[in-house]
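Below, read A as the first sequence line, B as the second, and so on, with proteins coming before strands; counting in each chain starts at 1.
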Protein chains: 2
Amino acid sequence: MTKPTAKPPTRPQDIDIDVLEDTLSFYIRTINLAVSRDLDQRLEGLEVAKGTGKITTLLLVDDYPGIRPSLIAHMIMRDRSAMGRLIDQMEHQGLIRREVSPEDNRAQELYITEAGAALAEKIREIVPQQSRDFFSFIPQDEQALVIDILRRAYRRIVGMS
Amino acid sequence: MTKPTAKPPTRPQDIDIDVLEDTLSFYIRTINLAVSRDLDQRLEGLEVAKGTGKITTLLLVDDYPGIRPSLIAHMIMRDRSAMGRLIDQMEHQGLIRREVSPEDNRAQELYITEAGAALAEKIREIVPQQSRDFFSFIPQDEQALVIDILRRAYRRIVGMS
DNA sequence: TATTGTTATACTCTATAACTATA
DNA sequence: TATAGTTATAGAGTATAACAATA
């Protein structure tokens, strides 16, 4: 048994990532970093950035006037406390407003503002486009395939199916 | 034009997620949250948790004695400053150690410790298993398909191909 | 007793820039 | 002048638990 004399690799091409090579969670986690950073750049200055929460919240409040915070929290996989701070922020930015539910005084109802609706419109353009651009090196049919499978995963995780 | 009288949805099944429905980045970002949380639970107490960085670093240092921080930083998509703190932490935990490169005094070489090697062994079991378990509701062949496509995305992003 | 949302805290990650030492 | 790594800092996100009000 001799000490290994091989020089360590210096280029990404020379690296074998071990068991991570076949581990889906690894790819989800690393690609998430890259695509999230890219998205943040695209959204720069647009009051929405960092974390999937704001975008989804804006769209859902726009689509469903009166929707409750706890339902959105569920859809974006955050707890109520994180959701509360998200809403605080978006309310201060004038994107949404909250009312106490007349039916259940514990609960709130969320409504979009004019500024929020305008931003939602922009978001609907930018966000899907960013995704297509970022993954443009993956052929369309393969992208559709991945989306199809991950959509089912998401729906299963949040209990949509 | 009358005010909408429809009641807002109260169940995930009744929600349409708008343009996010066909947006790959959305699924990557949300599923990342869920799978990362699940992985953290599985790794509880194991000195490795939060962020893909530690796991990848441990495996690469174990596989490539003398590998440089900047190369690992590149593989895990972090900058040198984040990498430095990661190494600090793992060094304090006794998982790896660093030496100054004899060839280039600016550079460092990373080496695994006994404790680190032992942990790497455990990681090689747990991490792929967690991924398989978490995504077990996706049929094997579909999982392989997604991995295949995302692997190419990852390799492209970090310049392995 | 369970649920909706709030508050407080401590921890981690992130991004940026300025810095040193060496090449 | 460029590169490897360090340090400092400010901002965000995360997780947890305890809490108030209502049902």
| query | Starting at the 5' end of DNA chain D and moving along, which residue's nearest nucleotide shows up first, B:Glu109 or B:Asp40? | reply | B:Glu109
| request: Please figure out whether A:Arg37 or A:Ser70 has its closest DNA chain C nucleotide nearer the 5' end. | output: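 The 5'-side residue here is A:Ser70.
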| said: If you assign A:Leu33 and A:Arg68 each to the DNA chain C nucleotide with the nearest heavy atom, which residue ends up on the more 5' nucleotide? | reply: A:Arg68
| query | Counting any heavy atom closer than 4.0 Å, what does A:Asp104 reach on the DNA or RNA strands: base, sugar-phosphate only, or nothing? | reply |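 The answer is sugar-phosphate, as A:Asp104 gets under 4.0 Å only of primed atoms, P, OP1 or OP2.
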| task | For A:Ala82, answer base if it contacts any base atom (sugar-phosphate contacts may also be present), sugar-phosphate if it contacts only those atoms, and nothing otherwise; contact means non-hydrogen atoms under 4.0 Å. | result |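 It contacts nothing in the nucleic acid.
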Quick one: [X] [atom1] to [N] [atom2], roughly how many Å, whole number?
X	N	atom1	atom2	result
B:Leu71	D:dT3	CG	P	16 Å
A:Gln89	D:dG11	CD	P	13 Å
A:Met90	D:dG13	CE	P	12 Å
A:Gln108	D:dA21	CD	C1'	12 Å
B:Leu86	C:dT14	CG	P	10 Å
B:Asp79	D:dA8	CG	C1'	13 Å
A:Ile87	C:dT4	CD1	C1'	11 Å
A:Arg29	D:dT14	CZ	P	13 Å

Checking the side chain of [X] only, and the main-chain atoms of [Y] only, is there a donor and an acceptor separated by less than 3.5 Å?
X	Y	result
A:Ser131	B:Ser25	yes
B:Glu21	B:Asp16	no
B:Gln108	B:Arg68	no

| So which heavy atom on B:Lys54 is nearest to which on B:Glu47, and how close? |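 B:Lys54 and B:Glu47 have their closest heavy atoms at CD-O, 4.2 Å.
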Residue-phosphate contact under 4.0 Å: [X] side-chain N/O, [N] OP1/OP2:
X	N	value
A:Ser81	C:dT7	no
A:Asn105	C:dT4	no
B:Lys54	C:dT12	no
A:Arg85	D:dG13	no

| said: Go through it in stages, so that I can follow the logic: the residues are B:Arg42 and B:Glu44, the test is salt bridge (charged side-chain N to carboxylate O under 4.0 Å, His left out), and I'd like the CA-CA distance, side-chain angles, deciding distance and then a yes or no. | reply: CA-CA 6 Å; B:Arg42 289 270 204 127; B:Glu44 201 163 302; over 6 Å; no
| request: Check if the side chain of B:Arg106 and the base of D:dG5 share a donor-acceptor pair of N or O atoms closer than 3.5 Å. | output: no
